[in-house]
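One structure is given here, and the rest of the page talks about it.
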Amino acid sequence: MKHLSIKALIGILAVLFLNSYSNESKAQKVEHVFEKGQLAPSKFFTGNVYVTGLIENDDVFTTAGGEVFFKAGARSNWHSHPAGQILIVTAGIGYHQIKGQPIEVIHKGDVVKCPPDVDHWHGASKDASMSHIYIVPNTEKGIVEWKDAVTDEEYLKLN
Ligand code: MN
């Protein structure tokens, strides 16, 4: 009898724990996983852009990464990455453009590969903000080479 009641008690406690855990999860509204970050320099970005560093490159992991939050209308300058870059869109709607190609609309969940040494820019869409994680591999080759700002004319050239 004693053996059974302990089992029953554990069962009841487990159910109570799981119920309270799932209720708590439902109650939490999670919009941003990471901190908003630091305001990015206007030298390299147009509009309000915030950068949170997440992965610092070192001798073992020659990879840098972080999250960038672009308010609507905000974007990077034209730039290239000597070893390329991977973007993972974590929120909102944005634009990405490789030089000579049309602007590509990107959404939460999209993954974009920017090839090495190719001029491109990325940012929010005209009306909605966008956050993406960036991953820069092989940082021994360099991280980023900044170029001119993306003009309003270039930015609004979405067909
Ligand atoms: Mn880039």
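For ligands, and for the atoms within them, numbers begin at 1 and follow the listed sequence.
Around atom CG of Asp117, more than 12 heavy atoms belonging to other residues, nucleotides or ligands sit under 6.0 Å away. The number of heavy atoms from other shown groups lying within 6.0 Å of CD (Gln38) does not exceed 12.
Looking at residues two or more places apart in sequence or on another chain, you find a side chain to side chain contact (heavy atoms under 4.5 Å, CB included) between Val105 and Ile93, Tyr95, His107, Leu158. With sequence neighbours excluded, the residues satisfying side chain to side chain contact (heavy atoms under 4.5 Å, CB included) with Thr63 are Ile135.
Around the Mn ion (ligand 1), protein N, O or S atoms at a distance under 2.8 Å total 5; waters are neither shown nor counted.
Note on residues 44-60: pairs passing side-chain hydrogen bond (donor to acceptor under 3.5 Å, both in side chains), not counting sequence neighbours, are Asn57-Thr139.
For Phe45 and Trp146, the ring centers are positioned less than 6.0 Å apart.
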